[in-house]
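The structure appears right after this line, and notes come after that.
Source: prediction; values computed, not measured.
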Amino acid sequence: MTKTVLLSNAYVATMDGQRRELPGGWVLVTDNQITAVGAATDPEPEASERIDLAGHVLLPGLINTHHHMYQTLTRAVPEAQDVSLFGWLRALYPIWARLTPEMIRASTRTAMAELLLSGCTTSSDHLYLFPNGACLDDQIEAAEEMGMRFHAARGSMSVGESDGGLPPDALVENERSILADTQRVIERWHDASRFSMRRVVVAPCSPFSVSEGLMRDAALLARATGTTLHTHLAENDSDVSYSLEKFGKTPARYAEDLGWLGEGVWHAHCVKLDQDGISRFAATRTGVAHCPCSNMRLGSGIAPVRRMRAAGVPVALGVDGSASNDGGHMLGEARQAMLLGRVLDQTNGPLLGAREVLEIATRGGARVLGRDDVGTIEPGMAADLAAFDISGIEHAGAQCDPLAALLFCSPVRAALTMVNGQVLVRGGVLLVADERGLVADHNRLARDLLNG
């Protein structure tokens with residue numbers, strides 16, 4: 001039986017082609033799609049359920065394009081608090097080597113709960129180590145329980161310390177096995193259809209943990225199977241130095257030579273992408289996942305987001321690993337992106353604005369992930385929506401511009417999160433799982449992991 005839900009009386013920020021904003025607007029959802037959008041002056045259609053969103057801003061669901069969900073188990077580890085990227089990794093690799101399938105599942109549920117409560121409806125995750133019998137299936141099955149639209153990136157590491165890489169030898173895999181398992185999970189789990197809830201991404205971890213051969217073969221595999229490509233690139237000065245010393249070229253030229261530029265490819269961070277790299281990314285429509293909190297936390301620097309976008313580079317947001325950000329709040333990430341962009345963008349013109357950043361967090365994420373069914377509120381799009389209550393003390397005095405208030409004021413929980421037409425958060429309460437139970441289970445496993 002057809003189900004209709006009317007989301008009524010909201011400040012609707014459509015992010016459509018005209019970037020329409022509709023005070024007192026409404027959105028009609030039929031099953032899993034948006035079927036009509038109206039202004040306050042348009043008659044409201046009949047629906048089997050009406051949700052009154054007076055005092056709320058309604059956005060397209062936020063889209064997270066880079067994460068490491070397993071890292072929610074190792075937040076604020078003392079040895080990894082005050083070091084940059086390579087030192088941070090060396091401190092945490094031995095702990096992560098003790099991960100179990102149960103830990104992968106629990107951390108996925110926790111990370112997705114946190115994202116849903118922040119208005120995020122689609123997320124990618126980059127899982128690149130599989131110790132103690134863990135596999136990507138563990139994560140995908142846990143994700144299905146949470147109801148989030150998911151891009152599962154089958155990551156990998158193949159070059160250990162003994163071969164000049166950064167990770168311990170015990171955490172790397174055989175390259176033939178990596179490619180075979182990536183092919184297996186694509187065949188089992190990947191769904192390329194419109195409104196798909198689950199896609200698989202080919203995602204060797206980084207230039208300092210995999211070989212040139214694996215990078216090249218991964219690109220060939222992705223194109224043969226119609227899947228997308230993702231990795232880390234140009235994250236900090238050490239990353240760039242490694243590329244220059246090991247490969248004799250900048251990260252962008254290294255990626256280009258191995259088939260890692262083009263539509264359907266996106267790279268995390270790109271803090272140190274130079275002008276030549278920006279031009280190459282723009283010419284090929286290669287995407288970037290901007291992770292401002294992680295970049296600040298690890299002292300990596302400030303990604304040149306304004307220059308990238310001006311050149312035509314597709315840019316999205318990512319919360320990154322919850323041990324290099326220690327949070328997974330997408331609205332909070334958007335706020336940091338706006339504020340950090342203003343530090344770098346010292347021009348005489350307008351500073352990076354709230355609307356531009358919210359566009360990056362919605363339309364931008366859809367473009368980078370290669371989706372034409374999410375990221376805007378308009379008929380024919382997936383019913384992925386997030387509503388934020390701005391009637392509380394956090395937004396007192398900010399009613400003159402409700403949309404900008406979401407980022408200029410303190411980030412709040414989503415009051416409502418809908419994915420594929422299903423309400424997963426309502427009244428700021430997670431409906432798909434017991435939040436307290438998730439946290440208790442997660443903390444027990446985190447203690448087990450840290451204590452060995």
Arg335 side chain vs Leu407 backbone, donor-acceptor pair below 3.5 Å: yes

Side-chain donor or acceptor of Asp125 paired with backbone N/O of Ala152 under 3.5 Å: no

Minimum side-chain heavy-atom gap Val240-Thr250 below 4.5 Å: no

Heavy-atom check, side chain of Ile278 versus side chain of Met308, under 4.5 Å: yes

Thr4 (side chain) donor-acceptor with Ser48 (main chain) under 3.5 angstrom: yes

Cationic N near anionic O, under 4.0 Å, Asp137 to Arg188: yes

Nearest heavy atoms of Pro45 and Leu28, plus distance in Å: CG-CD2, 4.0 Å

Expected output: side-chain Arg198 to main-chain Trp189 donor-acceptor under 3.5 Å: yes

Residues Glu235 and Lys272 bridged, charged N to O under 4.0 Å: no

Glu378 and Thr376 side chains, donor-acceptor separation under 3.5 Å: yes

4.5 Å side-chain heavy-atom contact, Leu430 and Leu117: yes

Distance in Å, Ser107 OG paired with Leu127 CG, rounded so as to fall on 0.5 Å steps: 8.0 Å

Lys/Arg-Asp/Glu bridge criterion (N-O < 4.0 Å) met for Arg297, Asp82: no

Polar contact flag, side-chain donor to acceptor under 3.5 angstrom, Ser324-Ser294: yes

Backbone of Ser193 reached by a side-chain donor or acceptor of Arg199 within 3.5 Å: yes

Electrostatic pair Glu263-Arg285, nearest N-O below 4.0 angstrom: no

Donor on one side chain, acceptor on other, Asn325 and Glu333, under 3.5 Å: yes

Arg342 (side chain) donor-acceptor with Leu352 (main chain) under 3.5 angstrom: yes

Side-chain touch Thr35/Pro379, heavy atoms, less than 4.5 angstrom: no

Qualifying residues under ring-ring contact (aromatic ring centres under 6.0 Å, His included), relative to His232, sequence neighbours excluded: His66, His68, His126, His269

Side-chain donor-acceptor pair present, Thr228, Trp266, cut-off under 3.5 Å: no

Separation of Met148 CE from Arg109 CZ (nearest 0.5 Å): 14.5 Å

Expected output: side-chain Arg309 to main-chain Val315 donor-acceptor under 3.5 Å: no

Which atom of Asp191 lies closest to which atom of Ser196, heavy atoms considered: O-OG, 2.6 Å

Identified side chain to side chain donor-acceptor pair (under 3.5 Å) partner of His151 from the options His67, His190, Arg371: Arg371

Minimum heavy-atom distance between Cys205 and Met157, given as atom pair plus value: CB-CG, 3.8 Å

4.5 Å side-chain heavy-atom contact, Val202 and His230: no

Full working for side chain to side chain contact (heavy atoms under 4.5 Å, CB included) between Val374 and Ile63: CA-CA 9 Å; Val374 297; Ile63 297 172; 3.8 Å; yes

Residue pair Gln71 / Leu92, side-chain heavy-atom distance below 4.5 Å: no

Test: Asp372 and Arg194 ion pair at under 4.0 Å: yes

Donor on one side chain, acceptor on other, Ser209 and Ser206, under 3.5 Å: yes

Residue pairs passing the salt bridge (Lys or Arg N to Asp or Glu O under 4.0 Å) test where at least one lies in residues 413-429, sequence neighbours excluded: Glu49-Arg426, Arg413-Glu435

Nearest heavy-atom neighbours spanning Gly312 and Arg367: O-NH2, 4.3 Å

Qualifying residue, where the test is side-chain contact (heavy atoms from CB on, under 4.5 Å) with Leu7 and the options are Leu58, Val423, Val37: Leu58

Side chain to side chain contact (heavy atoms under 4.5 Å, CB included) assessment of Ile377 paired with Leu385: CA-CA 8 Å; Ile377 299 177; Leu385 300 158; 3.6 Å; yes

Donor-acceptor side-chain pairing of Ser123 and Asn64 below 3.5 angstrom: yes

Atom pair NE2 (His395) and CG (Leu406), whose distance is rounded to the nearest 0.5 Å: 5.5 Å

Listed partners of Arg105 passing salt bridge (Lys or Arg N to Asp or Glu O under 4.0 Å), at least two apart: Asp138, Glu141

Side-chain (Glu44) to main-chain (Ala40) donor-acceptor, under 3.5 angstrom: no

Stepwise side chain to side chain contact (heavy atoms under 4.5 Å, CB included) test for Glu21 and Thr14: CA-CA 6 Å; Glu21 297 176 23; Thr14 65; over 6 Å; no

Whether His442 side chain and Ala111 backbone form a donor-acceptor pair below 3.5 Å: no

Beyond-backbone contact of Leu317 with Thr65, side-chain heavy atoms, under 4.5 angstrom: no

Heavy-atom side-chain proximity of Arg20 to Met15 below 4.5 angstrom: no

CD-CZ distance between Glu144 and Phe150, expressed to the nearest 0.5 angstrom: 10.0 Å

Reported CH2-to-OH distance for the pair Trp96 and Tyr128, which is rounded to 0.5 angstrom: 4.0 Å

Stepwise side chain to side chain contact (heavy atoms under 4.5 Å, CB included) check, Phe208 with Asp239: CA-CA 8 Å; Phe208 53 80; Asp239 193 354; 3.8 Å; yes

Side-chain donor or acceptor of Arg223 paired with backbone N/O of Gly259 under 3.5 Å: yes

